[in-house]
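Below: the structure, in structure tokens.
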2 protein chains.
Amino acid sequence: MVQLGRRYGTGPSSLAEIALDEDLPRAYLEQLVTSLRDAGLVVSTRGAHGGYELGAPPSEIRMSDVLRALEGPIAPMICATDDPAHLLGCDRSARCTVNVLWVRVRDAISGTLDSMTLADLVPARNITLDPRDPTASPAGVA
Amino acid sequence: MVQLGRRYGTGPSSLAEIALDEDLPRAYLEQLVTSLRDAGLVVSTRGAHGGYELGAPPSEIRMSDVLRALEGPIAPMICATDDPAHLLGCDRSARCTVNVLWVRVRDAISGTLDSMTLADLVPARNITLDPRDPTASPAGVA
DNA sequence: GGAATTCCGACCGAATTCGTCGGGATTGAG
DNA sequence: CTCAATCCCGACGAATTCGGTCGGAATTCC
């Protein structure tokens with residue numbers, strides 16, 4: 001996702017490209033990106049010169065959504081899951097007093113994840129040190 | 001731990017007792033409690049009529065310490081571990097920009113865990129619904 | 001038509017988790 | 001002293017998950 005963030009706006013990038021940059025097996029990336037596509041976070045273009053690109057600007061992609069797409073509902077324990085559909089009460093739920101702890105932990109996690117977007121993780125392409133310098137350009141100026 | 005919390009101040013409790021209340025295999029509890037003892041959270045008394053009891057009042061036992069004793073350092077990812085000793089830099093650490101996210105998540109988790117003590121999880125023994133009702137009784141009244 | 005690419009589903013080895021087992025060491029009670 | 005209750009220890013085991021592989025079918029551009 002960070003790689004796709006860097007390339008945002010430059011058309012689809014092939015998995016081969018990303019695999020190279022990130023030094024990960026292409027086949028594995030394929031698996032990951034499939035989940036991201038199903039979640040609508042990336043869009044795919046098939047055929048030659050196809051590839052993947054972000055479905056929205058990096059600043060609008062919450063990391064909580066990325067993580068949910070890749071790893072399922074946010075849940076430190078089965079009894080404290082994000083997704084009500086997967087809320088599977090353990091047999092102990094009656095006596096168990098620990099649930100409140102896990103719920104707080106979960107909220108802490110999703111809170112921080114909600115507060116970060118992909119833009120927070122994509123390395124800036126150019127850094128304007130002097131605020132009076134208007135030549136600080138929107139990326140990709142060759 | 002919650003069970004030991006309930007029994008706090010009443011002398012050592014045997015694993016058999018707790019196993020019964022909690023409906024968990026004694027042999028398994030044994031394994032867990034060993035870690036807790038090594039961490040100093042519970043103290044053991046050997047021999048007949050021995051058992052385990054908390055090493056401090058419930059309100060002074062932070063849940064972060066309990067979790068660390070049972071599950072090791074708090075770390076959503078290997079590259080964002082609590083315990084500097086286990087900080088094992090992944091080979092990607094140079095290029096990887098995601099670390100900051102995991103560190104924030106980790107801090108959120110340990111923050112909430114630090115803020116809760118065992119006392120927060122031990123069910124109160126008597127609940128006075130009407131402050132004028134002095135018959136609200138200490139648990140277990142048949 | 002052929003090359004580049006996504007798409008799909010099955011498979012696999014290693015690690016972790018939850019739990020078991022058997023027996024040894026220590027201590028209080030009779 | 002002996003016995004029963006209990007902690008103590010280390011090894012074992014089955015199920016699940018995780019990171020990753022493999023082979024090939026479908027799609028699109030040149």
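- In this structure the side chain of A:D120 reaches within 4.5 angstrom of the side chain of A:T117, judged on heavy atoms.
- A:L15 has its CG atom 10 Å from the P atom of C:dT5, to the nearest Å.
- Relative to the side chain of B:P25, the nucleotides D:dA26, D:dG19, C:dG19 differ in distance, and C:dG19 lies closest.
- Of the possible polar contacts, one joining the A:T97 side chain to the B:L121 backbone as a donor-acceptor pair under 3.5 Å is found.
- B:M77 places its CE atom 7 Å from the P atom of D:dG19, with the value rounded to the nearest Å.
- Phosphate proximity of D:dT28 to A:T45: absent, as no side-chain N or O sits under 4.0 Å from OP1 or OP2.
- Rounded to whole Å, atom P of D:dT17 lies 12 Å from atom CD1 of A:I78.
- The nucleotide whose nearest atom lies closest to any side-chain atom of A:A48 is, among D:dT28, C:dG28, C:dT5, D:dT28.
- In terms of position along DNA chain C, the nucleotide closest to A:S44 lies nearer the 5' end than the nucleotide closest to the other residue of the pair B:Q31 and A:S44.
- A side chain to side chain contact (heavy atoms under 4.5 Å, CB included) with A:S64 is found for exactly one of A:I109, A:L113, A:T112, namely A:L113.
- Two end axes, each from the C1' atoms of five base pairs, can be drawn for the helix from C:dG1-D:dC30 to C:dG30-D:dC1; they diverge by 10°, to 10 degrees.
- Summarising the geometry of B:R106 relative to B:D82, their closest heavy-atom pair is CD-OD1, 4.0 Å, with the distance given to 0.1 Å.
- Between A:L29 atom CG and C:dC7 atom C1' the separation is 15 Å, expressed in whole Å.
- Within residues 32-39 of chain A, no residue has any heavy atom closer than 4.0 Å to DNA chain D.
- Between B:R46 and A:R26, the one whose closest nucleotide on DNA chain D sits nearer the 5' end is B:R46.
- One finds a salt bridge joining A:E17 and A:R7 here, because a Lys/Arg side-chain nitrogen approaches an Asp/Glu carboxylate oxygen to under 4.0 Å.
- Within 6.0 Å of the CZ atom in B:R68, the count of heavy atoms belonging to other residues, nucleotides or ligands exceeds 12.
- Nearest heavy-atom pair across B:G50 and B:P12 is C-CB, 4.0 Å.
- Checked for salt-bridge contact, B:D65 and B:R62 meet the test: a charged N lies under 4.0 Å from a carboxylate O.
- With C:dC21, D:dG19, C:dT26 as the candidates, the nucleotide lying closest to the side chain of A:Y28 is D:dG19.
- The separation between A:E17 atom CD and C:dT5 atom P is 8 Å, rounded to whole Å.
- At whole-Å resolution of the value, CD in A:E53 and P in C:dT5 are 14 Å apart.
- Of the side-chain N and O atoms in A:Y52, one or more sit less than 4.0 angstrom from OP1 or OP2 of C:dC7.
- Protein atom CD of A:E30 is 13 Å distant from nucleotide atom P of C:dT5, rounded to whole Å.
- Between B:R6 and B:P123, the closest heavy-atom pair is CD-CG, 4.1 Å.
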